[in-house]
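Scroll down for the structure; my scribbles are underneath it.
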Amino acid sequence: MVGIRSRRSLRRLAVAGTALLYPYATLAGPVQHPGLSLPDSAAANKQAVVDIFTKSYEAYRSAAFGHDDLAPISNTSVDSRNGWGASIVDALSTMHVMGLNDYFTEGVNFASKIDFSNSQTPSTVSVFETTIRYLGGLLSAYELSGEQYPALLTKAQQLADKLAWAWVGTNDVPYGFLDFSSNTPSVSSSNIAEAGTLALEWGTLSQHTGNSTYQNLAAKSLKHIANLGSPLPGLAAQGIDPTSGQPVGSYVTWGGGSDSYFEYLIKYARLFPNEDSIYRDTWLTAVDSSIKTLLRTSTVGNHVYLADYDGSRIRHVSSHLACFHGGNWIFGGKLLNNDTIVQHALDLVDACWNTYAGTVTGIGPEAFAFISSDGNYTGSSGPSRGQQTEYQQNGFYTTTGYYILRPEVLESNFYAWRATGDTKYLDRAASAIDSFNKYLRVGVAFAGIGDVTKTSSGYYDDMESFWFAEVLKYLYLTFDDPAKISLDEYIFNTEAHPFKLPSTPSFNSAAIRANKKSFTPVSDGPLPAVSGLTSLPQFV
Ligand SMILES: *[C@@H]1O[C@H](CO)[C@@H](O)[C@H](O)[C@H]1NC(C)=O
Ligand SMILES: *[C@@H]1O[C@H](CO)[C@@H](O)[C@H](O)[C@H]1NC(C)=O
Ligand SMILES: *[C@@H]1O[C@H](CO)[C@@H](O)[C@H](O)[C@H]1NC(C)=O
Ligand SMILES: *[C@@H]1O[C@H](CO)[C@@H](O)[C@H](O)[C@H]1NC(C)=O
């Protein structure tokens, strides 16, 4: 969801997006491998994930219930998402998927009473984070539970009615942050991840409420970015100015600050197949352009990475956040029956897993770099002697060593399992469970660590809500019956909240739109601002 890049090059290479024309009428190719079946060992691994969830959630309940996150080392709470109980809302869909019905019911009761009219902390409200965690969590729980808790939809609508203030005047692009007490946005740059990762949630809200305003707001921002001139075809610059709607800088990356904009292009096209083809076409152009310009093979180990591009040069860097790309390319490649894309995707999945396999903890770092036949330029100093040794062993070297409970590598591993049926992906997920139990289980629950390349490096005293929403859901689903939350029936928002796809037999969006028309709410900088890591982790 995030990342910080310095805007060193202001040179703008606006290459008009020469959209490739693809002969596909629909995005209907099955994503899952036919006849997938789980080995007997899956049941024990699935239970091991439930045990981690239960341990983590019980600790949250006893020391932090109603706050955003548990501080697992000090056994207190953290309110980094405006104090509305982020962990509860973010965990709801995972509880439902795991069949943890008592937690789910308790969580729904809590969520039904959240006061979204103001922030419970002095902080402004991130439109992006609030959309993907709270709005996504509420709407997914509403759908998964068979729409039996209308209060979840009411709360989602109350929240979106506040967030809608981020679109000022006729601007297509929302501001990134809002002051809820005055409904005024903070005037600063945003980035394409923040502005382009809203349309699945706001579109779903429109479907259920019958009010198309929500979908129109989010879609016009996504479409605006897709229509911008970009440094490379289909690959928009990371920064965007909500006031002018113009790009800021010319940094291209699949990592933080850009990542989920690319993710949502293809997902929005899948969830709303009758919308403009620009979303699908821009995703395809982005992937094609990435294969031509960004794809690199390491000189050690032949690992396949997607480099960044800073407006003039290739940077040989990647990150944990960027590692969602393998799963996203599998998803889009399968929908389009394009084996070239799927094959590159599986290579990316392998290289990202290699960053886990190559460390002493068996967990991958936040950021890493590599060397390919065209050099080792990263935008900062080249590899130190220690990093060169690491590179010779692993085919990557660590540039930022912490792990803060991020999901992306295991998310892509989950897609690779469901799309291929190759049990090596189950083995990898099982290995991650072991590593988590060995190196993250500390204090009252589980905690991020300061350096994955060391067996002892200090802990991050904040168990982020995406531990519940994403990491443990993707791990669980890897070992769960593939027919239950099938990738051909559900689509995941970037926080791993599943939404029902229109092809699901029980789901008919036209009927929902018609039925829900009468729904009435119950009551009431210089750098693109980068979401998520607004403050760097504090280690204790
Ligand atoms: C954590 O804090 C809660 C709430 O104060 C308390 O009930 C619990 O016993 C504490 N756990 C530990 C292991 O100290
Ligand atoms: C739809 O939602 C928008 C955004 O909150 C609101 O301004 C508008 O009044 C709503 N329209 C209807 C018909 O309720
Ligand atoms: C599949 O995707 C690749 C990479 O984007 C592209 O070059 C190729 O034309 C696509 N194949 C078909 C049949 O469209
Ligand atoms: C990195 O690239 C520079 C410039 O090409 C080169 O001089 C240096 O030897 C390279 N370092 C490594 C470790 O490959």
Side-chain angles (χ1 to χ4, degrees), residues 18-25 27 29 55-67 69-78 116-117 127 131 135 153-168 174 178 183 198 201-203 205-220 232-235 262 265-266 280-295 304 306 325 328-345 347-348 441-447 461 463 513 516-521 524:
T18 35
L20 302 170
L21 293 179
Y22 289 83
Y24 309 105
L27 290 172
K55 170 88 182 161
S56 301
Y57 199 71
E58 280 298 338
Y60 166 79
R61 284 179 85 231
S62 74
F65 193 82
H67 291 278
D69 306 336
L70 172 73
I73 308 298
S74 53
N75 194 27
T76 54
S77 62
V78 184
F116 285 120
S117 67
V127 176
T131 292
L135 210 50
L153 183 56
T154 301
K155 284 294 155 191
Q157 189 169 24
Q158 285 172 354
L159 181 56
D161 287 343
K162 291 288 285 185
L163 293 172
W165 289 98
W167 281 266
V168 171
L178 276 175
N183 294 329
L198 310 166
E201 298 82 356
W202 291 64
L205 181 61
S206 280
Q207 278 204 323
H208 288 300
T209 59
N211 182 339
S212 59
T213 301
Y214 307 112
Q215 181 160 12
N216 292 343
L217 287 172
K220 80 175 174 178
L232 296 169
L235 292 166
F262 297 117
L265 285 172
I266 190 70
R280 179 201 66 183
D281 293 344
T282 306
W283 184 84
L284 275 161
T285 306
V287 169
D288 200 66
S289 173
S290 298
I291 292 170
K292 290 194 175 101
T293 312
L294 305 180
L295 209 67
V304 174
L306 281 187
H325 49 26
N328 186 244
W329 288 28
I330 290 170
F331 182 69
K334 282 286 179 185
L335 288 178
L336 295 159
N337 295 314
N338 187 314
D339 287 338
T340 307
I341 295 174
V342 173
Q343 195 49 56
H344 287 306
D347 291 345
L348 292 170
R441 186 162 187 155
V442 66
V444 296
F446 291 78
D461 198 14
M463 191 172 70
R513 205 176 290 255
K516 296 301 157 64
K517 279 271 155 56
S518 60
F519 174 81
T520 345
D524 10 277

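Residue indices begin at 1 and follow the sequence shown. Atoms within a ligand are numbered from 1 in the order they appear, just like the ligands themselves.
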Given side chains that start at C-beta, do those of [X] and [Y] come closer than 4.5 Å, heavy atoms only?
| X | Y | result |
| --- | --- | --- |
| Asp461 | Pro72 | yes |
| Ile291 | Trp329 | yes |
| Leu153 | Leu205 | yes |

Please identify each residue that fulfils side-chain contact (heavy atoms from CB on, under 4.5 Å) with Ala218, with sequence neighbours left out.
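Ala218 satisfies side-chain contact (heavy atoms from CB on, under 4.5 Å) with Leu198, Ala199, Trp202 only.
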
Asp288 N/O to ligand 3 N/O under 3.5 Å:
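The answer is yes, given that Asp288 and ligand 3 share an N or O pair closer than 3.5 Å.
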
Check Asn211, Asn216, Leu217 against Tyr214 for a side-chain contact (heavy atoms from CB on, under 4.5 Å) and give me the one that passes.
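Output: one option passes, namely Asn211.
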
Which of the numbered atoms in ligand 3 are below 4.0 angstrom from a heavy atom of Ile291?
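Listed by number with element: 4 (C).
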
Numbered atoms and elements of ligand 3 in range of Ile341, under 4.0 angstrom, heavy atoms:
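Numbered from 1, ligand 3 contributes 2 (O).
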
Under the salt bridge (Lys or Arg N to Asp or Glu O under 4.0 Å) rule, what pairs show up with a residue in residues 207-216, not counting sequence neighbours?
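Every candidate salt bridge (Lys or Arg N to Asp or Glu O under 4.0 Å) pair involving residues 207-216 fails, so no pair, neighbours aside, qualifies.
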
Taking the side chain from Ser289 and the backbone from Pro233, do they hold a donor-acceptor pair closer than 3.5 Å?
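Yes: the side chain of Ser289 pairs with the backbone of Pro233.
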
Can you list the ligand 2 atoms lying under 4.0 Å from a non-hydrogen atom of Asn211?
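The list of qualifying atoms is 1 (C), 2 (O), 3 (C), 8 (C), 10 (C), 11 (N), 12 (C), 14 (O).
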
Residue list, salt bridge (charged side-chain N to carboxylate O under 4.0 Å, His left out) with Arg441, at least two apart or on another chain
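Listed in chain order: nothing, the list is empty.
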
Select all protein residues for which some heavy-atom-to-ligand 1 distance is less than 4.0 Å, and list them by chain and number.
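The 4.0 Å shell around ligand 1 contains Ser62, Ala63, Asn75, Val444.
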
